[in-house]
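Quick notes on the structure that follows.
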Amino acid sequence: MVYQKKIVEEVSGWLRIFDDGWVDRTWTGPPEVKFMAEPVPPHEEFIEGVAIRDVTIDENSGLSVRIYLPQHEPDHHTDNSDKLPLIVHFHGGGFCISQADWYMYYYIYSRLARSAPAIVVSVYLRLAPEHRLPAAIDDGFSALMWLRALAQGQGSYEPWLNNHGDFNRVFLIGDSSGGNLVHHVAARAGQVDLSPMRLAGGIPVHPGFVRSERSKSEMEQPESPFLTLDMVDRFLKLALPKGCTKDHPFTCPMGHAAPPLGSLNLPPFLLCVAEADLIRDTEMEYYEAMKKANKDVELLINPGVGHSFYLNKIAVDMDPHTAAQTTGLLEGIVEFIKKH
């Protein structure tokens, strides 16, 4: 008799876990959105003004990053004119799904690289449940330490970064669960000497900050393909250390279990919130807690859109409001980068 594997856990079309521990991340939702989760191969020639390459940054662990280099004309009016800020990107996916090379990230981060202009370094994060937190935080921090080594002239030379990157202006950005990583990687970076590199800012976009107790927005806001309550609950249960609740500091940095925000050495932050996001209330609670701790934090709110709206290429193409809010979000991010 052939043994049939059984599904023991399934999450919103994104993820199935079998009784032998195998994890299947094949998209089983509507086929018309599948292209957004397809990998985009690297291209070292400029396509629409951006070239991309994948680089392994740690031979032992296999950790790698995707680098986006924009085609840019040096501005001869400023000092250090031909150097571009570096934006380290942490992808979303509830710590359980998605990859740095997915089309949804490719299309938005090549756009950001062009419009900033900046070099984007997107980290291929390990995924839960095979690698529970803090694995993804460790990967994000390792990527930052790799940049520090390049800035120091240590380790392997990376021409795109060494020739074109301004290590004095490094920013962290992350979508959704990647927004959590911005907070935690920045907090960890605040405890070490980064010189000659400088962490200039953090940009959590719709971070997955939650509590065990349902917030008002979780009860009232409509779900979207990019965030359902099922995803919030199940992904975080698979990602957090076994036996932990959503009140854990990884998902609730403004909670009682977390180190006081005032004790953290953080760079300036730009917190990006979508007005119709399921988890808006807890994100706003984080913002208020950061303000109360006298942290340098700005707020950018996009009205009338939901969680990770800008990654939904179909909505951006079809709906003028989503398109306008995506442009507004990117302009706000670019303005923050220019200021720091």
Side-chain angles (χ1 to χ4, degrees), residues 54-58 60-68 85-102 105 108-109 112 118-151 155 158 161 165 167 169-194 197-209 235-236 239-241 248-253 258-259 264-272 286 308 333 337:
D54 288 340
V55 177
T56 301
I57 65 172
D58 184 335
N60 297 326
S61 69
L63 182 63
S64 60
V65 297
R66 165 157 290 197
I67 306 173
Y68 297 74
L86 299 171
I87 303 174
V88 181
H89 170 242
F90 308 131
H91 66 72
F95 307 110
C96 292
I97 55 163
S98 85
Q99 290 289 345
D101 60 4
W102 276 15
Y105 302 120
I108 203 79
Y109 284 95
L112 178 60
I119 300 170
V120 176
V121 179
S122 186
V123 187
Y124 285 90
L125 301 162
R126 282 174 295 168
L127 301 176
E130 302 95 321
H131 305 281
R132 288 177 180 260
L133 290 168
I137 301 169
D138 294 341
D139 290 348
F141 186 70
S142 296
L144 198 60
M145 291 300 97
W146 173 71
L147 287 181
R148 182 183 71 173
L150 291 181
E158 182 44 58
L161 297 170
F167 290 98
R169 294 179 66 215
V170 176
F171 295 84
L172 305 177
I173 193 169
D175 326 88
S176 194
S177 56
N180 297 39
L181 301 182
V182 168
H183 173 87
H184 292 293
V185 172
R188 197 182 284 187
Q191 301 175 326
V192 298
D193 178 6
L194 296 176
M197 186 177 81
R198 181 177 74 99
L199 191 56
I203 308 164
V205 185
H206 312 166
F209 298 149
F235 279 160
L236 296 184
L240 285 163
H248 191 285
F250 292 154
T251 37
C252 190
L264 304 178
N265 174 18
L266 297 172
F269 267 39
L270 173 67
L271 174 65
C272 304
Y286 171 79
S308 296
I333 291 169
I337 288 168

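A distance of 8.0 Å separates NE2 in H184 from CG in L133, rounded to the nearest 0.5 Å. Atom CD1 in I87 sits 4.0 Å away from atom CG in L112 (nearest 0.5 Å). Note: Y105 OH to D175 CG = 5.5 Å, rounded to the nearest 0.5 Å. Note that SG of C96 and NE2 of H131 are 12.0 Å apart. Values are rounded to the nearest 0.5 Å. Considering OG of S177 and CG of L236, their distance stands at 8.0 Å, rounded to 0.5 Å. Taken from OH in Y286 to CG in L271, the straight-line distance is 7.0 Å, to the nearest 0.5 Å.
In this structure P267 satisfies the side-chain contact (heavy atoms from CB on, under 4.5 Å) test together with A186, L199, F269, sequence neighbours excluded. In this structure D58 satisfies the salt bridge (Lys or Arg N to Asp or Glu O under 4.0 Å) test with no other residue, sequence neighbours excluded. Looking at residues two or more places apart in sequence or on another chain, you find a ring-ring contact (aromatic ring centres under 6.0 Å, His included) between Y109 and H89. With sequence neighbours excluded, no residue forms a salt bridge (Lys or Arg N to Asp or Glu O under 4.0 Å) with D101. For R169, the side-chain contact (heavy atoms from CB on, under 4.5 Å) criterion is met by P85, D166, F171, R198, I337, not counting sequence neighbours. Every residue two or more places apart in sequence or in another chain that forms a side-chain contact (heavy atoms from CB on, under 4.5 Å) with A149 is listed here: Q154.
Ring-plane geometry between H183 and F209 is classed as perpendicular, the angle between the planes exceeding 60 degrees on a 0 to 90 degree scale with a lower cut at 30.
Nearest heavy-atom pair across S176 and S308 is CB-OG, 4.2 Å. The two atoms that bring L240 and R132 nearest to each other are O-NH1, 2.6 Å, heavy atoms only. The shortest heavy-atom contact between A143 and I57 is CA-CD1, 3.7 Å. V88 and F90 get closest at one heavy-atom pair: CG1-CE2, 3.8 Å. A pairwise comparison of heavy atoms in P241 and H248 identifies CG-NE2, 4.1 Å as the closest pair. In terms of heavy-atom proximity, A258 sits nearest to P253 at CB-O, 3.3 Å.
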*Could you walk me through whether L86 and M197 pass the side chain to side chain contact (heavy atoms under 4.5 Å, CB included) test, one step at a time?*
CA-CA 11 Å; L86 299 171; M197 186 177 81; over 6 Å; no
*Taking it one step at a time, do F95 and N180 satisfy side chain to side chain contact (heavy atoms under 4.5 Å, CB included)?*
CA-CA 10 Å; F95 307 110; N180 297 39; 3.9 Å; yes
*Begin from the C-alpha positions of V182 and I203 and carry the test side chain to side chain contact (heavy atoms under 4.5 Å, CB included) through to its verdict.*
CA-CA 7 Å; V182 168; I203 308 164; 5.9 Å; no
*Starting from the C-alpha separation in whole Å, work towards a yes-or-no answer on side chain to side chain contact (heavy atoms under 4.5 Å, CB included) for V123 and L63.*
CA-CA 8 Å; V123 187; L63 182 63; 4.0 Å; yes
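When atom types are taken as modelled, the side chain of S98 and the backbone of G92 share a donor-acceptor pair closer than 3.5 angstrom. Within the 3.5 Å criterion, the main-chain N or O of L125 finds no donor-acceptor partner in the side chain of D139. When atom types are taken as modelled, the side chain of R148 and the backbone of D193 share a donor-acceptor pair closer than 3.5 angstrom.
By the 4.5 Å heavy-atom criterion applied to side chains, L147 and E158 are not counted as neighbours. Counting only heavy atoms from C-beta outward, the side chains of I137 and V185 approach each other to under 4.5 Å. In this structure, L194 and V170 have side chains that are not in contact, with every pair of non-hydrogen atoms separated by 4.5 Å or more.
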